[in-house]
Amino acid sequence: MNKIFDEAFANHKSGKLTAARDLYEQILKEEPQNHEVWDLLGVLYTQAKQFDKALTCLQKAISIKPSNYYIENIGRMYFEKGDFEKAVEIYEILVKYNPNNYDDIFHLAMSYKNNSQMEQAKETYLKAIKLAPEKTEAYFNLAYLYFNDNDPQGAIKCFKKVLEYKPDDWETTYFLGLAYMQCKNYKDGLRCFEQRLCKQSAILSQEKTYPHLMKEKPIYTGKEDLSDKILYTYYEAGFGDVLMFYRYMEELTSKCKKVIFKPQKELKPLFEENSYGAEFMGLYENEKEMYFDYHLPFLSLPYVLGKTGDDMFIHHDDGYLKPNPQKVKFYKENYFNNDKFKIGIKWQGNSYYDKERILKVEDFFRLFELDGTQFYSCQTFEGSQEFEKIKGKYNVIDLAPTFKDFSYTSGALENLDLVICNDTSLVHLAGAMCKPCWVLLPHVYNWRWHNDLSKCDWYDSVKLFRQPTNGDWKSVFDSVEKELKTLLEK
């Protein structure tokens with residue numbers, strides 16, 4: 001049996017779960033009281049997300065030989081299952097009988113956090129840190145709770161502690177950068193932000209597309225004279241990030257002999273209409289016909305331009321993105337030829353990140369009933385299917401099918417009196433055009449909106465509304481409805 005066990009355990013460690021399961025079950029047929037194998041089988045079923053079987057096996061192991069280790073595995077099983085209330089219950093019992101066990105205290109803190117018991121989580125992380133300050137994961141997770149409390153200074157202290165023990169940890173450095181930037185400390189924030197994963201992904205993508213050029217040419221650091229040089233810069237991250245940082249294009253082109261920029265294809269037509277002297281590339285253009293002296297991921301622009309504080313927020317009195325007049329006219333004639341107050345809405349952006357910022361389309365319904373208004377849906381891609389909930393109930397015009405790219409979107413926005421939407425690229429487009437926009441933020445919001453929500457540092461035309469507590473969109477829409485009624489009365 002030892003040989004079978006060794007083979008089963010080896011399969012388990014290497015991720016061959018089916019083979020390991022079969023061998024564990026073979027052992028249990030001969031040794032039904034083997035508590036160690038019952039426990040390992042329970043752990044295996046947890047890994048396989050078969051939680052009912054996992055619980056049966058782990059409880060069997062405990063019935064044969066009670067052990068805190070086996071109870072810990074039940075706690076981990078509940079955690080993996082997403083039953084954080086039960087996980088809390090298990091780990092509270094373990095910590096009560098062994099108050100100096102770091103692992104149990106740490107996992108209790110994790111369970112509290114995921115069960116939305118934030119104050120208990122914070123206290124428990126601090127206990128874990130007191131027991132083992134060198135185990136940096138408690139500091140790292142505690143930093144999230146400070147972010148949750150809108151306390152980036154607390155997060156900064158935690159991230160710095162992590163870096164005392166792990167000075168080369170890129171992930172901690174990146175998140176430290178976000179905390180600095182939320183406090184408007186861009187001197188330190190942008191330096192740390194250079195550790196972002198999307199920067200490395202953007203460089204690797206370009207190296208794959210243009211292997212010879214990218215290997216031959218250096219990255220621009222901000223120290224080199226570009227007056228007689230060609231700089232190639234390329235997109236990273238989402239539409240909103242690129243739209244926001246496009247404010248630096250005029251300054252960049254003034255420093256270079258030539259700037260070549262490759263944005264996302266959906267942004268290219270709009271930027272070509274607002275080029276500031278830059279040239280624009282599409283995807284996979286011929287490497288042999290391209291030449292540059294330096295290259296740069298686009299979100300590094302403020303860092304290499306030496307921005308350190310309020311100089312981040314380059315403002316253009318009439319906006320830095322202008323719509324195409326022909327498209328403005330097209331939308332005016334076909335969709336906006338009425339005397340009502342025209343409001344564009346959007347409820348969802350990229351749902352891969354920050355699901356908390358997604359709105360429900362039903363939240364807008366009460367606004368649709370306000371007299372003197374005409375609403376327009378600007379919802380594209382993910383979430384656009386939700387428009388079906390509006391059709392037949394309210395007279396909302398769906399513009400999304402006409403948005404071939406952001407140049408068309410800007411033509412439509414120019415005809416609007418107001419945009420109301422979640423934290424998405426539409427905010428940045430409206431702000432870049434100086435169009436009035438109300439952005440609806442979750443309780444834990446993105447770093448770029450800073451701590452003082454009474455104003456928007458990036459765009460004079462954007463107003464911020466934030467959830468008072470996690471998930472409370474009702475209070476947000478109460479405020480929006482009240483302010484919109486006041487605006488309509490005027």
Side-chain angles (χ1 to χ4, degrees), residues 113 116-119 121-122 143-156 175 177-186 189 238-241 243-244 310 312-313 343-367 370 378-379 383 418-432 434-487:
K113 184 185 82 170
S116 299
Q117 296 173 259
M118 298 305 183
E119 287 306 312
K122 193 181 295 184
Y144 167 85
L145 298 181
Y146 285 121
F147 270 131
N148 194 67
D149 287 342
N150 197 29
D151 180 9
Q153 292 289 356
I156 287 169
F175 282 108
L178 300 188
Y180 276 137
M181 291 193 293
Q182 187 168 342
C183 299
K184 294 203 283 188
N185 175 357
Y186 282 99
F239 297 132
D241 300 286
L243 285 163
M244 186 174 86
D310 286 346
M312 284 286 291
F313 317 121
I343 304 171
I345 62 168
K346 189 177 180 184
W347 50 88
Q348 183 173 329
N350 186 343
S351 63
Y352 186 76
Y353 298 107
D354 301 333
K355 290 187 179 355
E356 297 84 4
R357 60 183 175 170
I358 297 174
L359 306 172
K360 290 183 179 179
V361 69
E362 292 90 343
D363 292 329
F364 287 94
F365 284 4
R366 55 167 140 167
L367 304 183
L370 296 178
C378 300
Q379 181 63 51
L418 175 67
V419 175
I420 303 175
C421 62
N422 68 324
D423 183 1
T424 182
S425 59
L426 196 66
V427 176
H428 299 284
L429 180 58
C434 279
K435 296 298 295 184
C437 177
W438 296 354
V439 56
L440 315 183
L441 301 176
H443 184 67
V444 182
Y445 54 88
N446 191 274
W447 61 268
R448 74 195 72 214
W449 306 119
H450 303 131
N451 289 335
D452 180 9
L453 295 180
S454 65
K455 62 185 177 67
C456 175
D457 292 295
W458 299 99
Y459 309 107
D460 294 329
S461 64
V462 171
K463 183 178 177 63
L464 310 174
F465 294 78
R466 179 199 180 201
Q467 286 180 345
T469 57
N470 280 320
D472 182 9
W473 287 118
K474 181 183 181 300
S475 295
V476 173
F477 276 90
D478 286 345
S479 299
V480 167
E481 183 179 15
K482 181 179 179 182
E483 191 141 344
L484 184 56
K485 284 179 177 178
T486 301
L487 184 62

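All values derive from a computational prediction rather than experimental measurement.
The OG atom of Ser461 sits 10.0 Å away from atom CG of Leu418, with the distance rounded to the nearest 0.5 Å. Taken to the nearest 0.5 Å, the NZ atom of Lys482 stands 14.5 Å off from the CG atom of Leu487. To the nearest 0.5 Å, the span separating NZ on Lys435 from CG on Leu426 amounts to 12.0 Å. Between Arg366 atom CZ and Leu484 atom CG the span is 11.0 Å, to the nearest 0.5 Å. Here the CZ atom belonging to Arg448 is positioned 10.5 Å from the SG atom belonging to Cys456, to the nearest 0.5 angstrom. Taking CD1 of Ile345 as the start and CZ of Phe364 as the end, the distance is 5.0 Å to the nearest 0.5 Å.
Residue Ala430 comes nearest to Val419 through the heavy atom pair CB-CG2, 4.3 Å, listed as atom of the first residue, atom of the second, then distance. When all heavy atoms are compared, the tightest approach of Met181 to Gly189 is CG-CA, 3.7 Å. Residues Leu464 and Trp449 approach most closely at CD2-CE3, 3.8 Å, considering heavy atoms. Nearest heavy-atom pair across Trp447 and Met244 is CH2-CE, 4.1 Å. The shortest heavy-atom contact between Met312 and Trp458 is CE-CH2, 3.6 Å. Across all their heavy atoms, Lys346 and Thr424 have their closest contact at NZ-OG1, 3.3 Å.
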As a quick check of understanding, evaluate side-chain contact (heavy atoms from CB on, under 4.5 Å) for Asn451 and Cys183, giving each step before the final call.
CA-CA 7 Å; Asn451 289 335; Cys183 299; 4.2 Å; yes

Stepwise side chain to side chain donor-acceptor pair (under 3.5 Å) check, Ser475 with Asp478:
CA-CA 5 Å; Ser475 295; Asp478 286 345; 4.9 Å; no

For Asn470 and Ser116: C-alpha separation, side-chain torsions, deciding distance, then whether side-chain contact (heavy atoms from CB on, under 4.5 Å) applies.
CA-CA 9 Å; Asn470 280 320; Ser116 299; over 6 Å; no

Residue pair Leu441, Val476: steps toward the side-chain contact (heavy atoms from CB on, under 4.5 Å) verdict
CA-CA 9 Å; Leu441 301 176; Val476 173; over 6 Å; no

Take Tyr445 and Asn150, measure what side chain to side chain donor-acceptor pair (under 3.5 Å) needs, and give me the verdict at the end.
CA-CA 9 Å; Tyr445 54 88; Asn150 197 29; 2.9 Å; yes

Mind running side-chain contact (heavy atoms from CB on, under 4.5 Å) on Leu367 and Glu481 for me, showing each step along the way?
CA-CA 6 Å; Leu367 304 183; Glu481 183 179 15; 3.8 Å; yes

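A distance of 6.0 Å or more separates the ring centres of Phe239 and His428. A ring-centre distance under 6.0 Å is found for His450 and Phe313.
Geometrically, Lys463 engages Phe465 in a cation-pi contact, judged by NZ or CZ lying under 6.0 Å from the ring centre and within 45° of the ring axis.
Here the side chains of Leu440 and Ile420 are in contact, with some heavy-atom distance below 4.5 Å. You'll find the side chain of Lys184 reaches within 4.5 Å of the side chain of Asp457, heavy atoms only. Put simply, the side chain of Lys113 reaches to within 4.5 Å of the side chain of Leu145, judged on heavy atoms. Between Pro442 and Trp473, the closest side-chain pair of non-hydrogen atoms falls below 4.5 Å. At least one side-chain heavy atom of Ile156 sits under 4.5 Å from a side-chain heavy atom of Tyr180. Within the 4.5 Å cutoff, no side-chain heavy atoms of Asn422 are placed close to those of Trp347. The side-chain heavy atoms of Val444 and Gln467, taken from C-beta on, include no pair separated by under 4.5 Å. Contact annotation: the side chain of Cys421 approaches that of Cys437 to within less than 4.5 Å [non-hydrogen atoms, C-beta and beyond].
Under the 3.5 Å distance criterion, the side-chain polar atoms of Gln379 are matched with a main-chain donor or acceptor of Gln348. Asp472 contributes no side-chain N or O that, together with a main-chain N or O of Thr469, makes up a donor-acceptor pair within less than 3.5 Å.
Counting non-hydrogen atoms of neighbouring residues, nucleotides and ligands closer than 6.0 angstrom, the NZ atom of Lys360 reaches no more than 12 such neighbours.
Using a cut-off of 4.0 Å between Lys/Arg side-chain N and Asp/Glu carboxylate O, Asp363 and Lys474 are scored as not salt-bridged.
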